[in-house]
Amino acid sequence: MAREKRQVKDEELEIMRHSASHIMAEAVQSMFPDAKFGIGPAIEAGFYYDFDLPRPLTPDDLPTIENKMNEIIASDEPFTRREASKEEARRLLTAQPYKLELIDDLPDEKVSLYQQGSFLDLCRGPHVSSSGKIKAFKLISIAGAYWRGDEHRPMLQRIYGVAFDTREALEEHLKRLEEAARRDHRKLGRELDLFSIQEEYGPGLVLWHPKGSVIRRAIEDFWKDEHVKRGYDIVYTPHIARADLWKTSGHLEFYQDYLYSPMDIEGQQYILKPMNCLGHIRIYKTKIRSYRELPIRYAELGTVYRYERSGVLHGLSRVRGFTQDDAHIFCRPDQLEAEVRGVLDLALFMIDTFGFSNYQLLLSTRPEKYAGTIKVWEEATNTLRRALELSKLDYEIDPGEGVFYGPKIDIKFESALGKAWQGPTIQVDFNLPQRFDVTYIAEDGREHPVVMVHRTVLGSMERFLATLLEHYGGAFPVWLAPVQVRVISVADRHLDYAHKLEAELKSEGIRAEVDTRAERINSKVRQAQLEKIPYMLVVGDKETESSTVSVRLRSGEQLAAQSFSSFKESIKTAIADKVN
Ligand SMILES: [Zn+2]
Ligand SMILES: [Zn+2]
């Protein structure tokens, strides 16, 4: 579909969705004549409306409201618009305190009102011509929402709905929602015993359980090896540092809302680090650096702490403490292009290795507020652009979306659910080298400011695990699976053979274990499938006598009987190749 046509279609859908919210409000008003109305906008794929009602809604109310909405749609009530003075609007909506507040906030003397059936709303519009234009909708859920998002104002009840222009599109969307719920990383994390976040320990703070830690270690080992291969030095820096550093960096000023309160150590103020940059700068600055030494690349899986309001915390994707796969490159201006190309290559290699194939690159340019001069900005932005073009990568420009300290390239990748996740980011920084006087001695024998690049390729361990969980629905590729092989003995007399296989696999670094429970084979197989273990080896009399194994996959597929040694070789290859 051409871009223009799609845009028109998107606008039409949005108008239809917004109109559906008015129809839902009319239905709610018919059930609760004293209902007070908040706002009811269109959102992605649907709409919501906020209500102040005499009793809490339950999921059982949704079909009733849907039925009423269907009646309103069937009677094809026209939407009529009219303009009114604020005065008149106040009179018409006198029983609606939230609307009165909205009227007060509107800048113009005239406001517009929309009516369909008995329902009158303050609204800018536009709307569909009549209620019969709503083609396919469904009410999805009820949630609490503070009036105007303010926790000091009343809590209203919000009903979410989805709406599409065809029944098929709606059905398809509902199926996607179901799949998304099935792949919700919080649910999978609990079911697969990977991690927990506990109120008692602290919201937004992640406890990595043994199985989640196995996955994390596999990712970290791979990440470290790949970085060392590509010329990075791995470093470690402490979690707290003197507040003075963050004053020099400008974080205390620009970043204050994300910082935790300082702690006092022997009369000095220390803070929890919100980023790893300053430690790496301090390591760089322990020596005078010559142009010959550059580039210097310091990589760290560095845990940082940032304040997030409890209301926005979400599983592993929005937390208060997380480990970035961070690195800082210190280079000469003439090296920047090659360095950026190197990071792009590494980032795409990582995305590909972890099994993602859809991604989008964005080049963000100078924002309104910026550090440095326009000339340096232009040079750096052109360098990023050239790096993208030389690497033959398609990208889009995100105008004015650079960070205040420099332009950047972001890569967003899509999970199997089609959801976009923030992935690698490459940011040039003109600010910190200047504030901390980070320099090198050039060929001319003089000190020059170094070019600094901040970059992550996975984002954070926490968010990346959430992405992987959603992408694979918990069925990790073999190299990441917490348990790679479950050996299942048919009867107790096969336990010796089962343990022998387990020991041999373990000695090769393969994560194997025996299910020793006195259960039937079928129930052991089902358990392994629930845990999404890639390989099950079923061993009975025949296998024990002939040193073979019957291999089952988590999909339910059964492979031909094979010798144990050939199974061992094939799983070793799968792990080494990082394939499923
Ligand atoms: Zn409206
Ligand atoms: Zn940094």
Side-chain angles (χ1 to χ4, degrees), residues 14-26 28-29 37-43 46-50 77 79-83 89 93 96 98-99 102-103 106 111-117 119-131 133-134 161 163 232 235 237 241 245-246 249-251 254-255 258 273-284 296-304 306 322-331 339 343 371 403-406 408 424-433 435-436 438 450-457 459-460:
E14 197 183 320
I15 293 170
M16 197 257 279
R17 286 168 179 151
H18 177 57
S19 303
S21 88
H22 280 230
I23 292 168
M24 177 167 75
E26 183 184 350
V28 168
Q29 192 178 39
F37 299 91
I39 55 164
I43 51 173
F47 57 91
Y48 69 76
Y49 213 116
D50 289 345
E77 295 170 349
F79 273 80
T80 53
R81 177 182 203 273
R82 67 158 139 159
E83 294 205 337
L93 293 167
Q96 294 295 332
Y98 304 107
K99 298 292 175 188
L102 294 175
I103 293 172
L106 288 172
V111 299
S112 62
L113 301 163
Y114 273 85
Q115 178 143 17
Q116 93 278 0
F119 181 70
L120 177 73
D121 205 351
L122 174 76
C123 178
R124 203 179 323 129
H127 277 289
V128 294
S129 56
S130 64
S131 59
K133 296 282 187 295
I134 310 299
Y232 286 80
V235 298
T237 62
L245 275 175
W246 306 95
S249 69
H251 284 95
F254 294 111
Y255 216 67
Y258 295 98
K273 67 173 170 180
M275 32 188 70
N276 305 301
C277 331
L278 302 196
H280 298 183
I281 288 179
R282 295 313 307 178
I283 297 174
Y284 178 93
I296 287 176
R297 310 181 189 96
Y298 293 145
E300 177 176 12
L301 291 158
T303 305
V304 297
R306 297 182 191 170
F322 54 95
T323 301
Q324 287 183 310
D325 67 309
D326 210 357
H328 295 92
I329 299 172
F330 302 90
C331 67
E339 287 308 303
V343 179
V403 205
F404 78 93
Y405 51 72
K408 61 168 180 167
T425 177
I426 310 170
Q427 310 181 346
V428 183
D429 189 338
F430 309 125
N431 181 49
L432 291 182
R435 284 179 180 254
F436 284 97
V438 190
V450 86
V451 177
M452 185 173 172
V453 177
H454 310 252
R455 41 112 296 182
T456 70
V457 293
S460 75

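Since this is a predicted model, take the numbers as computed values, not measurements. Atoms within each ligand, like the ligands themselves, are counted from 1 in listed order. Heavy atoms only: backbone and side chains are in, while hydrogens, waters and symmetry mates are out.
For the pair D326 (side chain) and E300 (backbone), a donor-acceptor distance under 3.5 Å is absent. Q116 places a side-chain N or O within 3.5 Å of a backbone atom of H22 that can act as its donor or acceptor partner. Checking side-chain atoms of S112 against main-chain N and O of C123 turns up a donor-acceptor pair under 3.5 Å. Using a distance-only test at 3.5 Å, with no hydrogens or angles considered, no donor-acceptor pair links the side chain of S21 to the main chain of Y49.
Between H454 and Y405, the ring centre distance stays below 6.0 Å.
Other residues, nucleotides and ligands place no more than 12 heavy atoms under 6.0 Å from the CD atom of E14. Counted within 6.0 Å of OH on Y258, heavy atoms from surrounding residues, nucleotides or ligands total 12 or fewer; the atom is thus considered open. Within a 6.0 Å sphere centred on CZ of R124, other residues, nucleotides and ligands contribute 12 heavy atoms or fewer.
Ring geometry for H328 against F330 counts as tilted: the plane angle lies between 30° and 60°, on a 0 to 90° scale.
With a cut-off of 2.8 Å, the protein N/O/S atoms near the Zn ion (ligand 1) add up to 4. For the Zn ion (ligand 2), the count of nearby protein N, O or S atoms, meaning those under 2.8 Å away, is 3.
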